[in-house]
Each structure stands twice: as structure tokens, then as C-alpha cells.
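Fair warning: this is a prediction, and the values are worked out from it, not measured in the lab. Numbering of residues begins at 1 and proceeds along the displayed sequence.
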Amino acid sequence: MNKQTEKKIGENIRALREKCKMTQDELAAKLQLAGCDVTRSAIAKIEVGQRHLYPDEIVLLKQILNAEYDDIFRLN
């Protein structure tokens, strides 16, 4: 994936997380409880575009953040 695209998706995830008034630690914990082995550090890297997202993580992020896929993947 293009670096700018990953950065924008990360920014979208951060905005959605903040809209839910959730910390990176809380989001990581919810992902872990749902079966994804994701740390707070991994969330931080995702949010700045330094780590790729896996399909199962995307599905769970959508559910946990009460978002639509368009909210996550919006590029403009």
C-alpha cells in the first residue's frame, strides 16, 4: 500500500478512536479481548502509517469503533 494512503487510514483510525473517547491502550485491550494480538505500540504505529493492517483487524476496528468501512478508508 502507498505510504500516504496508510498514513491517511491511520489518521482516520485515530480520529475514530478519539471520537469514541478511547485511549490507544483501551483500543488495544478491546482488540485483544476480541482475539487480535495487538499492542498499544502497534496501534500507535497504525495511526502514523508505520504498520500495515490485517483484514481481521479492520473488521474488528469497524465494530469496536462503531464505524463504517468508508470512515476507515476515506482518503480525502
Side-chain angles (χ1 to χ4, degrees):
M1 202 181 295
N2 171 314
K3 204 65 170 146
Q4 286 184 326
T5 300
E6 287 190 26
K7 187 174 180 182
K8 180 59 180 158
I9 290 169
E11 290 171 0
N12 294 343
I13 291 169
R14 182 182 68 240
L16 290 165
R17 175 182 60 76
E18 289 174 348
K19 182 179 177 186
C20 292
K21 298 185 184 336
M22 198 179 303
T23 66
Q24 290 176 341
D25 278 323
E26 291 168 333
L27 179 55
K30 288 179 184 271
L31 285 164
Q32 290 168 4
L33 287 172
C36 268
D37 188 23
V38 178
T39 63
R40 191 226 38 95
S41 176
I43 297 295
K45 288 179 181 178
I46 290 167
E47 290 183 354
V48 296
Q50 293 179 348
R51 181 186 175 281
H52 298 293
L53 281 165
Y54 294 97
D56 57 334
E57 295 170 345
I58 296 167
V59 171
L60 289 173
L61 283 167
K62 177 188 178 292
Q63 293 171 357
I64 292 167
L65 298 173
N66 195 29
E68 299 296 327
Y69 290 116
D70 286 347
D71 299 328
I72 296 171
F73 292 107
R74 185 167 289 120
L75 299 178
N76 52 13

Next on the checklist: I need the E68 CD to L16 CG distance, nearest 0.5 Å.
Outcome noted: 10.5 Å
Checklist entry - What's the spacing between L53 CG and L61 CG if we round to 0.5 Å? => result 6.5 Å
Checklist outcome for this item: Taken to the nearest 0.5 Å, the spacing of Q4 CD from E6 CD works out to 11.5 Å
Item to check | Interatomic distance, Y54 atom OH to D37 atom CG [nearest 0.5 angstrom] | outcome: 11.0 Å
Checklist entry - Has the side chain of N12 got a donor or acceptor atom that lies under 3.5 Å from a matching backbone atom of R74? => result yes
Next on the checklist: So which atom in C36 and which in D56 form the shortest heavy-atom distance, rounded to 0.1 Å?
Outcome noted: SG-OD2, 3.6 Å
Next on the checklist: With rounding to the nearest 0.5 angstrom, report the CG to CD1 distance, L27 to I64.
Outcome noted: 6.0 Å
Review item, side-chain donor-acceptor pairs of residues 38-50, under 3.5 Å, at least two apart:
from: T39; atom 1: OG1; to: S41; atom 2: N; distance (Å): 3.4
from: T39; atom 1: OG1; to: A42; atom 2: N; distance (Å): 3.1
from: R40; atom 1: NH1; to: Q24; atom 2: OE1; distance (Å): 3.0
from: E47; atom 1: OE1; to: R17; atom 2: NH2; distance (Å): 3.1
from: E47; atom 1: OE1; to: Q24; atom 2: NE2; distance (Å): 2.8
from: E47; atom 1: OE2; to: R17; atom 2: NE; distance (Å): 2.6
from: E47; atom 1: OE2; to: R17; atom 2: NH2; distance (Å): 3.3

Next on the checklist: With rounding to the nearest 0.5 angstrom, report the NZ to CG distance, K62 to D71.
Outcome noted: 9.0 Å
Next on the checklist: Using every non-hydrogen atom in the two residues, find where N76 and K8 come nearest and quote the distance to one decimal.
Outcome noted: O-CE, 3.8 Å
